[in-house]
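In what follows, a structure is listed as structure tokens, so that the remarks can point back to it.
All values reported here derive from a predicted model rather than from experimental measurement.
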Amino acid sequence: MILQTLYQNCIKAGVHFYDEYHVVDLLFEGGDGGDGGRAAGVVGYRIADGELHTFGAKAVLLATGGNGRMFSITSNAHSLTGDGMSLVYRHGIPLEDMEFYQFHPTGLYGLGILLSEAARGEGGTLLNGDGERFMSRYAPKLMELAPRDMVSRAIYLEIRDGRGAGPKKDYVLLDVRHLGRAVIEEKLPDITDFARVYLGVEPLTEPVPTVPTAHYAMGGIPTDLRTRVVRDEANTVVEGLFSAGEAACVSVHGANRLGTNSLVDLLVFGRRAGREMAAYCRAAEVPSIASDVEEPVRSELEALRTRPEGESPTALKAELATLMMDNVGVFRTAKMMSAAVAGVAVIKERYARVRVRDTGRVFNTDLLEARELGYLIDGAEAMATSAIGRTESRGAHSRDDYPERDDVNFLAHTLAYRGEAGPSLRYKPVTITRFEPKPRTY
Amino acid sequence: MQVNLRILRFDPERDAAPHWESYRVEAEPMDRVLNLLTAVKAEQDDTLTFRRSCAHGICGSDAMLINGRNRLACKIRVDQLGKKISVAPLTGLPVVKDLVVDMDTFLLEVPRRHAVPDR
């Protein structure tokens, strides 16, 4: 609904859409993004013919979404590979709070397709392999309507401890049978459709196999409240660069996002970004761009396209997704996170040698997907390093070696900077105004 | 189970005209055609080109002509089609490469057909 309305109003206002021009680099004038430079435009790769196009611009907004494709079970579309996050990271701007990633408790088993919280909102229950409503042991008052991270962890622990359902005991069951046909058909039509079409399960008469699914990045490109990208603890503004939506980290969600609050990212900060950019453009000078700004990314893409031998990026991507799902997922331990940091470093090194087999210039999705894998690896290294660096549990980041919150040392936002030897971490204090942090008890 | 998948291929940089190619794919009954195409691309021919995004019936990216009808590849299952599956690009639009069609005419129609009324 929002998408259609926005698109049609854009068309009416005369906005020009460069469809299927894939952003592959950011341009800065007067220094790199992390070095005091101002945004000067982007480089786009035209998918139809493989040509690069330079777009000079006074202001650039990154609304490139999340990076759920870093995980093997995700609700995210294939296109969500964290492109904007990776590009700022490559230009010296840190990524904020990358360790805080939301796993939605009810994804379709094996696929990750999202079964909306509405199912639980209408009274649906979660059962383990023993037919027990296990949430009574984790959140006795709120039960299935406890925050998403708590429910996801509960599901993870039930499965880990041998109480999963199904032949491999590797899922739990979302039961809506007791809600009756009228409620199911009218209020939960999507969920019903998904269960029937993708699993062949009839929710009217059978409970639906579900598992936690990688869903939303609370972290991302750091911005201030005016959607301007900032690059350090002092919130130094990168002139002309803006971000909004899931790609950005204002932060409005902190360590955990409530259901539906992604709309804040879109409606409030999307709109605010537009207004800020318009005001900025009225006063700003047109940036000057050198004629060879495309060369760095052209070389990178050509190297990918013409390398004669090497590993398949598809297989490497699957390895990354399994590594991240298993080790930087719902439930974390020091050992798992260390394995992820080391594993991502090895994958990054192998990525430098991947080979793309489609060498054409027209609509080369093989090349594009290989490029996107590079973006996923950047996001993964920032996430794994940020996670192991935060020695406490807070919101979506939960680790068994530090199960309590540590407000003395970690009431702070993580800033992960790209580095030759791996990301380096700095911290920025949280702004506390009206709401004091309190223990989470349900 | 083994599925016989026929795909209408076309590489504008190499081919004079589209041509049918056959692939044998190991598949589960609940697999969707998108899963089969992804498997062919990963295991048999990386040049196989198709659009896909949400992979669960919402975005429309993977609309194709499957066993004679325009459908979404991510929704139609093997058990609904049988062991012989043919996949061709969506009818009515020029073919760019393999299963990718040129969407420009479609996108130009949007302002004409869905004009937002003035308040």
Report task. Sort out for me which residue in V96(B), D98(B), L99(B) forms a side chain to side chain contact (heavy atoms under 4.5 Å, CB included) with F363(A). Result ->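 Testing each of V96(B), D98(B), L99(B) against F363(A), the sole residue satisfying side chain to side chain contact (heavy atoms under 4.5 Å, CB included) is V96(B).
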**Report entry** Sorted by number, residues from residues 52-65 of chain B in contact with chain A (heavy atoms, under 4.5 Å)
**Finding:**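 So the qualifying residues are R52(B), S53(B), C54(B), A55(B), H56(B), G57(B), I58(B).
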**Report entry** Residues in residues 32-51 of chain B near chain A [non-hydrogen atoms, under 4.5 Å]
**Finding:** R32(B), K41(B), A42(B), D46(B), T47(B), L48(B), T49(B), F50(B), R51(B)
Residue [X] versus chain B: region with a heavy atom under 4.5 Å:
X: S75(A); answer: backbone
X: S79(A); answer: both
X: Q4(A); answer: neither
X: Y7(A); answer: side chain
X: D190(A); answer: neither
X: L108(A); answer: neither

**Report entry** Exceeds 12 heavy-atom contacts within 6.0 angstrom, atom CZ of R357(A)
**Finding:** yes
Requested in this report: Take atom CZ of R271(A) as the centre, draw a 6.0 Å sphere, and report whether it contains more than 12 heavy atoms from other residues, nucleotides or ligands.
Outcome: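 Atom CZ in R271(A) is not packed in, count stays at 12 or less.
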Query raised in the report: Hey, which of T314(A), T365(A), D366(A) has the most heavy atom pairs under 4.5 Å with chain B?
Result: D366(A)
Query raised in the report: Do you know which two heavy atoms are closest between L199(A) and M30(B), and how far apart they sit?
Result: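 Shortest heavy-atom contact: C-CE, 3.2 Å.
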**Report entry** Nearest-0.5 Å distance that lies between atom NZ in K97(B) and atom CG in D49(A)
**Finding:**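 Atom-to-atom, K97(B):NZ and D49(A):CG are 12.0 Å apart.
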